[in-house]
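Just so we're on the same page: letters track the sequence lines, and every chain starts at 1.
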Amino acid sequence: MNAKIQTSVPLQIYTRLKPSDLPISTAELAKALIGCTLVRETPEGVTAGRIVEVEAYVPGDPASHAFRGKTPRTAAMFLSPYRAYVYLSYGTSWCMNVSSEPEGHGAGVLLRALEPLEGIPLMQIRRGTHTLRDLCRGPGRLCQAMAIDRSLNELDLLQQNALYLAAPVRKTGRVRKSKRIGISKAPDRLLRFYEAENSFVSGPRSLSP
DNA sequence: TAGGCGATGCTCT
DNA sequence: GAGCATCGCCTAG
């Protein structure tokens, strides 16, 4: 294997998103995030990927962790917009949301899949696989590949260097919506958004309405 | 490639 | 103690 040398600075210049680039509305933010770049900088190197699949968990949504009110775990969902909400799912996998409503409202956008852009050898080491398609396909895999864990909970995704959102690196394809994956409450709401015909999208494609 | 299934351990009631 | 916004492995087509 001819692994590339990792650097601690991005190989590509990413244009950070500003608050004025993004809507403050959960479903609108979910759509807007498709095609944007998520960048992670660690001492081991930089990893980055295009966001290709998300799910919106809107205020008053029974499927949302915030539905029952603020708890120590879900506090990040109640912060100002564009903060990271990182939680452990099924005791095995970290999952990451972006807070999406004004402070105190409790909502978020779950990142479900990325298309790897940079730091692929590092992602392969973290994931223990060389299969490109499986590096960031699924919310738990995405967090493992990007080294996202609870230490990044409540991080401001527009202000910090460790993890931040950046502008798309290329034109975003058609965005489609469908039912959300793996939930038992409000399963019929069309709040999953993904880039059509992108092979890095997770879940069954038959969920499309 | 798609679908089924069991392991997993944290969170909340 | 029950539920769960998942994953990896296995099998079938």
Once base and sugar-phosphate atoms are separated, protein heavy atoms under 4.0 Å mark nucleotides 8-13 of chain C, 5' to 3', with B, S and - as S-----
Checklist entry - Does any donor atom in the side chain of Thr129(A) or Gln124(A) lie under 3.5 Å from an acceptor atom in the other side chain? => result no
d(Leu17(A) CG, Thr37(A) OG1) to nearest 0.5 Å is 8.0 Å
**Asked** Would you say dC4(C) has OP1 or OP2 under 4.0 Å from some side-chain N or O of Arg68(A)?
**Response** no
Under a 4.0 Å heavy-atom cutoff, the residues of residues 75-92 of chain A touching DNA chain C are Met77(A), Tyr87(A), Ser89(A), Tyr90(A)
Using side-chain heavy atoms (C-beta onward) and a distance below 4.5 Å, is Ile24(A) in contact with Pro102(A)? yes
Tyr82(A) meets the side-chain hydrogen bond (donor to acceptor under 3.5 Å, both in side chains) criterion, sequence neighbours left out, with none
Side-chain donor/acceptor pairs under 3.5 Å, residues 160-173 of chain A, sequence neighbours excluded:
unit_1: Asn161(A); atom_1: OD1; unit_2: Arg16(A); atom_2: NH2; d: 2.5
unit_1: Tyr164(A); atom_1: OH; unit_2: Glu41(A); atom_2: OE2; d: 3.3
unit_1: Arg170(A); atom_1: NH1; unit_2: Glu115(A); atom_2: OE2; d: 3.3
unit_1: Arg170(A); atom_1: NH2; unit_2: Glu115(A); atom_2: OE1; d: 3.0
unit_1: Arg170(A); atom_1: NH2; unit_2: Glu115(A); atom_2: OE2; d: 3.2

Next on the checklist: If the threshold is 4.0 Å, N to carboxylate O, is there a salt bridge linking Arg50(A) and Glu195(A)?
Outcome noted: yes
What one should report as the nearest heavy-atom pair of Gly138(A) and Ser202(A) is N-CB, 3.7 Å
Here the distance between atom P of dG3(C) and atom CZ of Arg73(A), to the nearest Å, is 16 Å
| field | Side-chain N or O of Ser184(A) closer than 4.0 Å to phosphate OP1/OP2 of dC4(C) | value | yes
Rounded to whole Å, CZ of Arg180(A) lies from C1' of dC4(C) at a distance of 15 Å
Does the side chain of Glu53(A) reach to within under 4.5 Å of the side chain of Arg192(A), using non-hydrogen atoms? yes
note: Asp61(A), atom CG; dA5(C), atom C1'; distance rounded to Å ~ 10 Å
Rounded to whole Å, OH of Tyr194(A) lies from P of dA5(C) at a distance of 21 Å
Rounded to whole Å, CZ of Phe200(A) lies from P of dT1(B) at a distance of 12 Å
* Flag the pair Tyr194(A) / Val52(A) as yes when at least one side-chain heavy-atom distance between them is below 4.5 Å, and no otherwise. => no
note: Trp94(A), atom CH2; dC4(C), atom P; distance rounded to Å ~ 20 Å
Intra- and inter-strand pairing of DNA chain C, written as dot-bracket with Watson-Crick and G-U pairs under 3.5 Å and | for the latter, reads ||||.|||||||.
Enumerate, atom names and distances included, each donor-acceptor pair closer than 3.5 Å involving a side-chain atom of residues 140-151 of chain A, sequence neighbours excluded.
unit_1: Arg141(A); atom_1: NH1; unit_2: Arg137(A); atom_2: O; d: 2.8
unit_1: Gln144(A); atom_1: OE1; unit_2: Arg127(A); atom_2: NH1; d: 2.8
unit_1: Gln144(A); atom_1: NE2; unit_2: Arg126(A); atom_2: O; d: 3.2
unit_1: Asp149(A); atom_1: OD1; unit_2: Ser151(A); atom_2: N; d: 2.9
unit_1: Asp149(A); atom_1: OD1; unit_2: Ser151(A); atom_2: OG; d: 2.5

Can Arg180(A) be said to sit on top of Tyr57(A)'s aromatic six-ring, NZ or CZ under 6.0 Å from centre and within 45° of the ring axis?
yes
Per atom distances to the Ser64(A) side chain, the nearest of dT11(B), dT1(B), dA5(C) is dA5(C)
Ile181(A) atom CD1 is separated from dC7(C) atom C1', nearest whole Å, by 13 Å
Rounded to whole Å, the OH-C1' distance (Tyr57(A) to dC4(C)) equals 11 Å
